[in-house]
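Quick note: numbers below take in every heavy atom, side chains included, and nothing from hydrogens, waters or symmetry partners. Numbering of residues begins at 1 and proceeds along the displayed sequence.
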Amino acid sequence: MNMTNFYDIGALLNRNYVGHGQQNYEIIFGASPYKQLKERVEEILAGNQAVVAGPGVPGAGKTTFYAYILAKYLKDDICREGVSFGYLYIYIAPTNDLVKDFIEKFLRFLRSVFGVECRPEILSRRIRVYGSKVSAPNYPQLLKAIDDEVVLVASTDWQRVAARILTRKEQVYLIDEASRMTFTRFFISIADAIAKGNAKGDIRGFTVIGDENQAIGLDEEERRYLLLSSIREMAEKGSDRVYVIPLNVSWRLPEDTARPIKVGFYNGNLVGKGTPIKVEPDYAIIQTLAREKPCQKYSKYIWDILQVASSHPLVHIELSEHFQIGEKYDKKRAELGWCLAYVLSNLVGSRQVSVVVPYTQMAFAIRILSSAIRTSRPPQNVRVATIASYLGREDDVIISIFGKEQASQCNTYYLRDPYTFNVQLSRQRNALFTIGSANILKISADYCKKISEKKTEKKILISGWEKLAKTLDELQAIQSSVTVNLA
């Protein structure tokens, strides 16, 4: 259940990649709305000054799109010997996971889709990667400064890039704003200058794809500086250099599992194209579980949950009591979540099961619980993570355990930042299990909205509470739910 904390980017250069043919991606990215986005981005890559925004739903394929279009654009030049590049293509994302994912997908497209054979030594001279958790012991050149031979950079922030450019180059940025911080505020003034036709400097243009509904960890004032929101405002004012192209198709989320956030956070503008799975119960595994002391009292409930999961890819487990007051760890929820993960890991084959929780203390406690129990069939495909660490990540089966839901309080986890709930409910490729009291959390969201509705300084937060309440309404209304009394 250990999570990878450091990424060897150099190892990606030596990997053998197998992928789908070019035709498959041309079909996907050649259809609306990607066709329009692809055309605009290609214009920027060719040197035309413009700003393009693609607000996208979770699983819209933002990283995949960037990796594909850059691999296609650079395939004829990136491996040429003796070439100096006067231009630079820069991918910026807020997490090390996203940066590593982008490089991996770029190399896969370059080799398995476009058939480019290139020695790792050459690629290490053409590419730079920067982040707090990246390494390249066999190809240290990947982490060095940007000279004339470099054409592609992937980084967790633009400051790391700006500080390492040794020679003047024209720059095009491809930004993924799945962010916990407004690290792209620097680009707002540049976008404004491009929109007005008086841009100066080396930045020729940029595209930003992201989701304001998944930007977490921001206060009311910081949310006003999201790059996507700023570009929307520029486009509304009118400019032939600014384009906004919404992406409403999720290739990750199965439609049934996406319904709560589709209604709550996206006003119905989300189409789920992911592949759902239904879990077939196995009573022998339940019997094994019942022999483990922490899981004995939950075995009956888990059997009921599996009965529902055999017909539905989304199962909500409604708890009769709220999260333990005054703590960031709830023992009963931790035990139920881990015991359910144990059973599912033995039923879904090689698929990955992840338990996603709000608090670091909760994640740590579940990991300790899993290591303390010596089962005859220990799970090999389970991991535990916090919501904040899961930005830009996904897994096959997600178990989302709610945090504090106490009524009549507006300073608890989800009510301080309602958009975290959207992140927690949008990581699944195949199935989603939610554990918590949707009823109590809904009461809290309605209460906070009511007492704050006249406070104009909380306009964005109130909007978040409204979206949270709608999502919880949908979660309560689904037929695939099980009520569990942990008292």
Side-chain angles (χ1 to χ4, degrees), residues 4-17 45 47 63 66-111 114 116-176 179 181 183-184 186-187 190 201-207 392:
T4 302
N5 293 317
F6 226 78
Y7 298 115
D8 181 0
I9 301 299
L12 300 179
L13 303 186
N14 290 316
R15 184 176 296 176
N16 291 321
Y17 292 94
L45 295 178
T63 308
Y66 278 150
Y68 179 81
I69 200 168
L70 276 175
K72 182 179 180 182
Y73 195 77
L74 295 175
K75 61 184 174 64
D76 296 328
D77 295 327
I78 196 167
C79 293
R80 289 171 56 194
E81 294 274 16
V83 177
S84 295
F85 297 95
Y87 49 90
L88 196 62
Y89 300 104
I90 305 164
Y91 170 78
I92 302 288
T95 70
N96 293 278
D97 294 277
L98 285 168
V99 167
K100 174 258 183 185
D101 191 34
F102 166 79
I103 291 294
E104 188 173 12
K105 288 179 177 178
F106 173 83
L107 293 172
R108 174 174 281 109
F109 285 135
L110 198 67
R111 288 175 170 165
F114 297 111
V116 177
E117 293 298 330
C118 193
R119 297 199 315 275
E121 292 77 14
I122 296 177
L123 285 172
S124 69
R125 300 204 303 267
R126 300 288 183 264
I127 298 171
R128 294 291 181 268
V129 185
Y130 306 130
S132 61
K133 295 183 180 180
V134 299
S135 66
N138 294 325
Y139 299 98
Q141 191 79 8
L142 286 167
L143 310 181
K144 292 186 177 180
I146 300 166
D147 56 28
D148 287 340
E149 289 192 276
V150 177
V151 68
L152 176 64
V153 179
S155 176
T156 52
D157 57 73
W158 69 268
Q159 293 97 328
R160 294 177 187 268
V161 180
R164 289 172 169 84
I165 298 177
L166 299 179
T167 58
R168 188 167 184 176
K169 291 172 176 277
E170 291 189 352
Q171 303 162 30
V172 173
Y173 283 80
L174 295 93
I175 300 168
D176 186 341
S179 181
M181 53 187 290
F183 76 109
T184 52
F186 162 79
F187 289 95
I190 297 173
D202 296 327
I203 298 179
R204 303 299 301 167
F206 62 85
T207 177

Enquirer: Does a side-chain heavy-atom distance below 4.5 Å link Leu70 with Leu174?
Expert: yes
Enquirer: Before giving the answer on side-chain hydrogen bond (donor to acceptor under 3.5 Å, both in side chains), spell out for Asp157 and Tyr130 the whole-Å C-alpha distance, their side-chain angles and the decisive distance to 0.1 Å.
Expert: CA-CA 8 Å; Asp157 57 73; Tyr130 306 130; over 6 Å; no
Enquirer: Output, in order, the C-alpha distance, side-chain angles, deciding distance and verdict of salt bridge (Lys or Arg N to Asp or Glu O under 4.0 Å) for Arg125 and Glu81.
Expert: CA-CA 10 Å; Arg125 300 204 303 267; Glu81 294 274 16; 3.1 Å; yes
Enquirer: Measure from the ring center of Phe114 to the ring center of Phe109 and say whether it is less than 6.0 Å.
Expert: no
Enquirer: Rounded to the nearest 0.5 Å, how far apart are CG of Leu110 and CG of Leu123?
Expert: 6.5 Å
Enquirer: List the steps, then state whether side chain to side chain contact (heavy atoms under 4.5 Å, CB included) holds for Ile165 with Gln171.
Expert: CA-CA 11 Å; Ile165 298 177; Gln171 303 162 30; 3.5 Å; yes
Enquirer: If you measure from CD on Gln141 to NZ on Lys144, what distance do you get to the nearest 0.5 Å?
Expert: 5.0 Å
Enquirer: Report the C-alpha separation of Cys79 and Val116 in whole Å, then their side-chain angles, then the decisive distance to 0.1 Å, and conclude whether the side chain to side chain contact (heavy atoms under 4.5 Å, CB included) test is met.
Expert: CA-CA 8 Å; Cys79 293; Val116 177; 3.8 Å; yes
Enquirer: Are any non-hydrogen side-chain atoms of Val99 and Ser155 less than 4.5 angstrom apart?
Expert: no
Enquirer: Please work out which of the three classes, parallel, tilted or perpendicular, describes the rings of Tyr91 and Tyr66, given edges at 30° and 60°.
Expert: perpendicular
Enquirer: Can you find a heavy atom in the side chain of Phe187 that is under 4.5 Å from one in the side chain of Ile203?
Expert: yes
Enquirer: Check whether any side-chain heavy atom of Ser132 sits under 4.5 Å from a side-chain heavy atom of Arg160, and report yes or no.
Expert: yes
Enquirer: Does any part of the side chain of Phe6, heavy atoms only, come nearer than 4.5 Å to the side chain of Val134, both counted from C-beta?
Expert: no
Enquirer: Dump the intermediate steps for salt bridge (Lys or Arg N to Asp or Glu O under 4.0 Å) on Arg126 and Glu149, then the final yes or no.
Expert: CA-CA 6 Å; Arg126 300 288 183 264; Glu149 289 192 276; 3.3 Å; yes
Enquirer: Taking all non-hydrogen atoms of both residues, which atom of Ala136 and which atom of Asp8 are closest, and how far apart?
Expert: CA-OD1, 3.8 Å
Enquirer: Check whether any side-chain N or O of Arg111 sits under 3.5 Å from a backbone N or O of Cys118 as a donor-acceptor pair, and report yes or no.
Expert: yes
Enquirer: Given side chains that start at C-beta, do those of Phe85 and Leu152 come closer than 4.5 Å, heavy atoms only?
Expert: no
Enquirer: Checking side-chain hydrogen bond (donor to acceptor under 3.5 Å, both in side chains) for the pair Thr156/Asn96: CA distance, chi angles, key distance, verdict?
Expert: CA-CA 6 Å; Thr156 52; Asn96 293 278; 5.1 Å; no
Enquirer: How about Ile92 and Asp176: do any of their side-chain heavy atoms sit closer than 4.5 Å?
Expert: no
Enquirer: Enter the distance from Thr63:OG1 to Phe106:CZ here, rounded to the nearest 0.5 Å.
Expert: 14.0 Å
Enquirer: As an exercise, state the distance from CD1 of Ile90 to CZ of Phe206, rounded to the nearest 0.5 Å.
Expert: 12.0 Å
Enquirer: Do Val151 and Tyr89 have side-chain heavy atoms sitting under 4.5 Å apart?
Expert: yes
Enquirer: Calculate, to the nearest 0.5 Å, the distance between atoms CG and CZ belonging to Leu88 and Arg128 respectively.
Expert: 10.0 Å
Enquirer: May I ask you to check whether Trp158 and Tyr173 place their ring centers less than 6.0 Å from one another?
Expert: no
Enquirer: When rounded to the nearest 0.5 angstrom, what is the spacing between CG in Leu143 and CZ in Arg164?
Expert: 8.5 Å
Enquirer: Evaluate side chain to side chain contact (heavy atoms under 4.5 Å, CB included) for Ile146 paired with Val153, printing each intermediate quantity in order.
Expert: CA-CA 9 Å; Ile146 300 166; Val153 179; 3.7 Å; yes
Enquirer: Please determine whether salt bridge (Lys or Arg N to Asp or Glu O under 4.0 Å) holds for the pair Asp202 and Lys169, giving the CA-CA distance in whole Å, both sets of side-chain angles, and the decisive distance to 0.1 Å.
Expert: CA-CA 6 Å; Asp202 296 327; Lys169 291 172 176 277; over 6 Å; no
Enquirer: What pair of heavy atoms forms the shortest contact from Leu142 to Ser124, and how long is it?
Expert: CD2-CA, 3.8 Å
